[in-house]
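Okay, so here's the structure we're looking at.
So you know, we letter chains A, B, ... as the sequences are listed, proteins then strands, and number each from 1.
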Amino acid sequence: MFALVDCNNFYASAHRVFQPQLEGKPIIVLSNNDGCVIARSNQAKQIGIAMGTPYFQIEKFAQQQGVVVLSSNYSVYGDMSRRVMTVLANFAPTLEIYSIDEAFLNFSGLTFDLTDYALGICKTVKQWTGIPVSIGIAPTKTLAKLTNRLAKKGLSPDGQVWAWSKIADPDPLLAAVPVEDVWGISKGWGKRLRALGIEHALSLRETDPKRIRQHFGVVVERVVLELRGVPCIPLETVPPTRKQIMTSRSFGEKLIRLEDLRAAVTAFTARSSEKLRTQGLCAQVITVFIHTSPFDTKSPQYSNSITIELARPSQDSAYLIHCAAYGLERIFRPGYAYQRAGVLLPDLVPAGVEQFSLFDDNPVETHRSERLMEAIDEINRVYGRQAIRYGSEALSERWRMRQQFKSPSYTTRWTDLMTIKC
DNA sequence: TCTGGGGTCCTAGGACCC
DNA sequence: TCTGGGGTCCTAGGACCC
């Protein structure tokens, strides 16, 4: 038995914890660069603001409606997420942290009333963190997702919680769920399923799994089985090690000059290297990519990427930045207005077991590099991420994101702590 | 003016092996 | 007329998730 705990409107709710005056108001949270709407409070959903809408298209409307507009603040979401997960860990023998705002709890073998128990979880999480959550309980993950969704819609007689086993006749409910809303099915497959006359969760469940496998492969076959109550997707209690690490951003303004791009690529590589080290991994190759804006149809378009093989597996920022800068120079073409760049480390190996080169391995140099990186990471941890940077990053700040509506990082930065007036 | 960022898995096809 | 059988690895592309 699985319970899916999902935070309600997580980003909007996280802001409300620190700004309780936003309670009851329409809130939207924007993507990086204040580009698109990526989260909405219920009130914002009610007035018809759709997920993913470019902000500039609804700016006027939002003002008229008194919508509170916020830039995204990932240090706040990350910290609030950690708090919620810590609370949830008290309520089940094992759990899988599925995303920043969702966790699957292992409810197998519990003999007491699961609905009551889950209602207690909702209450505790809200009281201890300020975040409201909904819970779906079912024998498969796919059904737990589905019941959670129905509970969030307010269809459950038990409020924020719904258990699959308590639904006397689920078929009419399944018939009301569009097929592309089922976990694992989206627009592409939804379209193809509809072409076969499979339009909702109920008809998908009733379709022969073998036939589905022929048309769509094993992934969708598993969805059908899960809808039938046959568990195919197990709980993953230990997060698997990363297979790739990427850092990329759209720029605050379009960039023309190589120096500006080099500053951005340096920052992205330094960030990727930091992620490598916290996860105990080394990169063997590095990919750098740049492109112009696909929406700017009037200007000439260009995009390119290059992959550089490292001489040896590494997690050293300086070495990776050197390689990335070389790659950038190879693919940079003057005369274009670049909108975005990124750095991808696709082929990761665990640090400590990496294969060194037979010829240029220098243990002294390696040891020095490790100690240097440790020192930099420690200083940046204590004094803030930007305390020590690489010189080529400081060449330009033009790439930095627009964040017009940025809120303080209340719990992760000393200078942003709340002040209480007596 | 203005449109996010970071991941995973599966499959088919091509190349190779004996 | 007629040209084997069984396998692995890698990559690109396409789908999905949040």
Side-chain angles (χ1 to χ4, degrees), chain A residues 4-7 9-11 28-39 50-60 62 69-74 77-78 81 96-104 141-142 145 148-149 179-193 212-223 226 232-234 236 239-254 264 268 271-272 275 279 281 285 287 289 291-299 305 307 337 339-348 399 401-405:
Chain A
L4 174 66
V5 184
D6 192 324
C7 302
N9 313 324
F10 180 55
Y11 293 174
I28 56 174
V29 178
L30 304 179
S31 61
N32 278 343
N33 257 322
D34 297 335
C36 299
V37 176
I38 55 163
M51 190 73 166
T53 314
Y55 176 57
F56 71 90
Q57 288 177 4
I58 55 153
E59 190 174 353
K60 267 223 175 92
V69 182
L70 298 161
S71 300
S72 36
N73 186 334
Y74 288 95
Y77 311 145
S81 171
E96 171 186 344
I97 297 173
Y98 177 65
S99 74
I100 194 162
D101 72 332
E102 286 169 81
F104 287 101
K141 284 180 159 183
T142 303
K145 285 286 265 189
N148 181 294
R149 189 175 167 279
V179 71
E180 44 281 286
D181 286 0
V182 174
W183 189 43
I185 311 293
S186 191
K187 267 204 324 226
W189 283 338
K191 206 172 160 194
R192 285 175 55 196
L193 285 164
I212 289 291
R213 180 162 194 155
Q214 282 169 4
H215 282 85
F216 299 91
V218 66
V219 179
V220 183
E221 185 193 22
R222 280 202 282 252
V223 174
E226 286 244 325
C232 304
I233 309 169
E236 281 190 19
T241 55
R242 290 262 155 274
K243 297 184 170 166
Q244 60 174 50
I245 285 174
M246 174 154 76
T247 307
S248 82
R249 294 283 180 279
S250 295
F251 307 133
E253 60 179 285
K254 303 274 189 292
F268 302 159
R271 182 74 191 109
S272 289
K275 293 182 194 168
Q279 307 199 21
L281 298 167
V285 295
T287 300
F289 61 86
H291 57 78
T292 53
S293 169
F295 298 103
D296 188 356
T297 45
K298 278 171 261 164
S299 309
S305 74
T307 299
Q339 183 239 359
R340 182 182 156 100
V343 165
L344 176 67
L345 307 174
D347 217 359
L348 305 178
W399 62 273
M401 302 185 280
R402 283 187 307 274
Q403 291 188 304
Q404 207 188 327
F405 315 103

Ser81(A): partners by side-chain hydrogen bond (donor to acceptor under 3.5 Å, both in side chains), with sequence neighbours left out: none
Under the side-chain hydrogen bond (donor to acceptor under 3.5 Å, both in side chains) test, residues paired with Arg402(A) that sit two or more places apart: none
If I take atom [atom1] in residue [X] and atom [atom2] in nucleotide [N], what distance separates them, rounded to the nearest angstrom?
X: Ile212(A); N: dC16(C); atom1: CD1; atom2: C1'; answer: 16 Å
X: Arg149(A); N: dC17(C); atom1: CZ; atom2: C1'; answer: 15 Å
X: Ile185(A); N: dC17(C); atom1: CD1; atom2: P; answer: 8 Å

Geometric class of the Trp189(A)/Phe216(A) ring pair [parallel <30°, tilted 30-60°, perpendicular >60°]: perpendicular
Inter-nucleotide C1' distance (dG4(C), dC17(B)), Å rounded: 15 Å
Sequence-distant partners of Ala50(A), side-chain contact (heavy atoms from CB on, under 4.5 Å), two or more places apart: Thr53(A)
Asp101(A): side-chain contact (heavy atoms from CB on, under 4.5 Å) partners, not counting sequence neighbours: Asp6(A), Cys7(A), Phe10(A), Ser99(A)
Results of ring-ring contact (aromatic ring centres under 6.0 Å, His included) for Tyr74(A) - residues two or more places apart only: Tyr11(A), Tyr77(A)
Contact under 4.0 Å: Lys145(A) side-chain N or O vs dC18(C) OP1/OP2: yes
DNA chain C base-pair string [pairs: Watson-Crick or G-U under 3.5 Å; |: paired with another strand]: ....||||||||||||||
Distance-only donor-acceptor hits, side chain of residues 240-247 of chain A, under 3.5 Å, sequence neighbours excluded:
{"from": "Thr247(A)", "atom 1": "OG1", "to": "Ser272(A)", "atom 2": "OG", "distance (Å)": "2.8"}
{"from": "Thr247(A)", "atom 1": "OG1", "to": "Lys275(A)", "atom 2": "NZ", "distance (Å)": "3.2"}

Where protein sits on nucleotides 2-11 of chain B, one letter per nucleotide: B base, S sugar-phosphate only, - none, heavy atoms under 4.0 Å: BBSSSSBSSS
Contacts of Arg192(A) that satisfy salt bridge (charged side-chain N to carboxylate O under 4.0 Å, His left out) - sequence neighbours left out: none
Sugar-phosphate, base or nothing in reach of Leu30(A), heavy atoms under 4.0 Å: nothing
